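Reminder, nothing fancy here: chain letters follow the sequence lines and each chain counts from 1. Remember, predicted model here, so these are calculated numbers, not experimental data.
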Amino acid sequence: MNLDFTTIIDYIPFILGGIGTTLQFVSVSILIGLLLGTLLAICKIANNKILQGFAHGYTSIFRGTPLLLQLMLIHYAIPQLTGYNTPTYVSAILAFGLNSGAYVSEIIRAGILAVDPGQQEAALALGVPKRPMMIHIILPQAFKNILPALINEFITLTKESSLVSTIGYLDLMRRAQIVEANIYRSFEPLIFVGFIYWIMVFILSKIGRLIEWRLRQSDKG
Amino acid sequence: MIKVEQLTKKFGENLVLNNITTSIHKGEVVAIIGPSGSGKSTFLRCLNLLERPSSGKIWMNGTEITGQKVNIQGIRKNIGMVFQQFNLFPHMTALENVTYAPRIVKKLSPQEAEEKGRAVLARVGLSEKEMSYPAQLSGGQKQRVAIARALAMEPDIMLFDEPTSALDPEMVKEVLDVMKGLVDTGMTMVVVTHEMKFAEEVADRILFMDQGVIMEEGKPEEFFRNPQTNRARDFLSKVL
């Protein structure tokens, strides 16, 4: 058996640098996905056929095609039309943010529909207009219910982020590949970044549990 | 104060309210009773347009609220409503529940809203619970907070949709007592209820509904002692 982790020691700082680049674009993508997802979810439950159609069409396209394809289209195909090269960072954020928005919108839509209709009735009966009702009454309760599903989506996004290595973005995965090419060994760098991904996801799920636990406190009698 | 003319409500093919005409005067307490499925709750919910009438007209203080260009929110803020299932906002404390609408709808400052909120919580006897979340309150306490929430908007009229039906028996009295207190202040009230004793005691008028129509209406002492219709006699023999 040929296994020697000392071969990657010199490259560890280089690989660890990928944590920052990965986290940076994943967190921006999550924010875009959340914002976009909330807007799309509101379009889906709105009394407006055009908004509904747009939101459902959007979701259908972004969930119905591979993320890798979307990434390639944004990074390689769009510059062909516009004549401008998109920086890898921007392409990565766009592809992941737009894609995540589609998934998050479905999660939030389900969450909104799961809030007791009595809540809306109570707000309406008090004369509260639709917008503050959504922001103060419905969405906070919806978010609480869907938190586990949202954390799950963030975990998926963190792992799938390795796809951006294909457009040359210097994330964890890409760095592992560069080390592979330098030392002609695959096992050690791949196992090492695999471990880092696992730790990141582990921390993310712990944070999720913590937030859930905090939110539950208000339910206890 | 409220005038209802030929009010009809259909859910699909199902005729729930059939041509109802009545009126409710200022300071009057009206109890609506009748078997389940008779349209009592739907009638009540039409009064603040939580249900849109299929046809017919409703006037409130002289304005037709069933018209096309009516500001529904402006009307609803003057009509308090209390639900069977309380419908308190679970992520807000009792005080936040009662101050929310005055702040958002009436644009009161947080200080003014809290002052008013504490006053209405005191009125329902829950001053010491202002920091509690709904999940920390008993059913009776929840319903009293719900009444306080409606009162905080200083409505002209209060609608009660079976306010004690979801409560454990030992908590019914505390809610009815709060409602009696409201009657004493001269509040106009419409109460859908199964509490016959309460209806007999505090109502100025009983509306007996069955199959979407008002079968009988009158003073409680007359209605309970001497019901005119077979349906009412039959109903009373089952519930009394």
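Annotation for Asp168(B): atom CG counts as buried by contact number, over 12 foreign heavy atoms lying within 6.0 Å. No more than 12 heavy atoms of other residues, nucleotides or ligands sit less than 6.0 Å from atom CZ of Phe202(A). Counting non-hydrogen atoms of neighbouring residues, nucleotides and ligands closer than 6.0 angstrom, the CZ atom of Phe54(A) reaches no more than 12 such neighbours. Atom CD1 of Ile50(A) is surrounded by 12 or fewer heavy atoms from other residues, nucleotides or ligands within 6.0 Å. Around CD of Glu212(A), the count of heavy atoms belonging to other residues, nucleotides or ligands within 6.0 Å exceeds 12. Heavy atoms from other residues, nucleotides or ligands lying under 6.0 Å from NZ of Lys180(B) number more than 12.
The contact between Pro129(A) and chain B is made by backbone and side chain atoms together, counting heavy-atom distances below 4.5 Å. Heavy atoms closer than 4.5 Å to chain A are found in the side chain of Phe83(B), but not in its backbone.
Between Lys144(A) and His91(B) the shortest side-chain heavy-atom distance does not fall below 4.5 Å. Within the 4.5 Å cutoff, side-chain heavy atoms of Pro132(A) are placed close to those of Tyr100(B).
Of residues 119-131 of chain B, not one residue has a non-hydrogen atom less than 4.5 Å from any non-hydrogen atom of chain A. Taking 4.5 Å as the heavy-atom cut-off, the residues of residues 106-126 of chain A that approach chain B are Asp116(A), Gly118(A), Gln119(A), Glu121(A), Ala122(A), Ala123(A), Leu124(A), Ala125(A), Leu126(A), ordered by number. Residues of residues 66-80 of chain B lying within less than 4.5 angstrom of chain A, judged on heavy atoms, are Gln73(B), Arg76(B), Lys77(B), Ile79(B) in numerical order. Heavy-atom proximity under 4.5 angstrom to chain A picks out Arg45(B), Asn48(B), Leu50(B) from residues 40-64 of chain B.
Ranked by heavy-atom pairs shorter than 4.5 Å toward chain A, the options Arg149(B), Met153(B), Gln85(B) are led by Arg149(B). Most heavy-atom pairs under 4.5 Å with chain A: of the set Ala150(B), Pro155(B), Ala101(B), Ala152(B), this distinction falls to Ala101(B).
To the nearest 0.5 Å, atom CD1 of residue Ile137(A) and atom CG of residue Asn87(B) are 11.0 Å apart. Separation of atoms CZ (Phe89(B)) and CD (Gln141(A)) is listed at 8.5 Å; rounding is to 0.5 Å.
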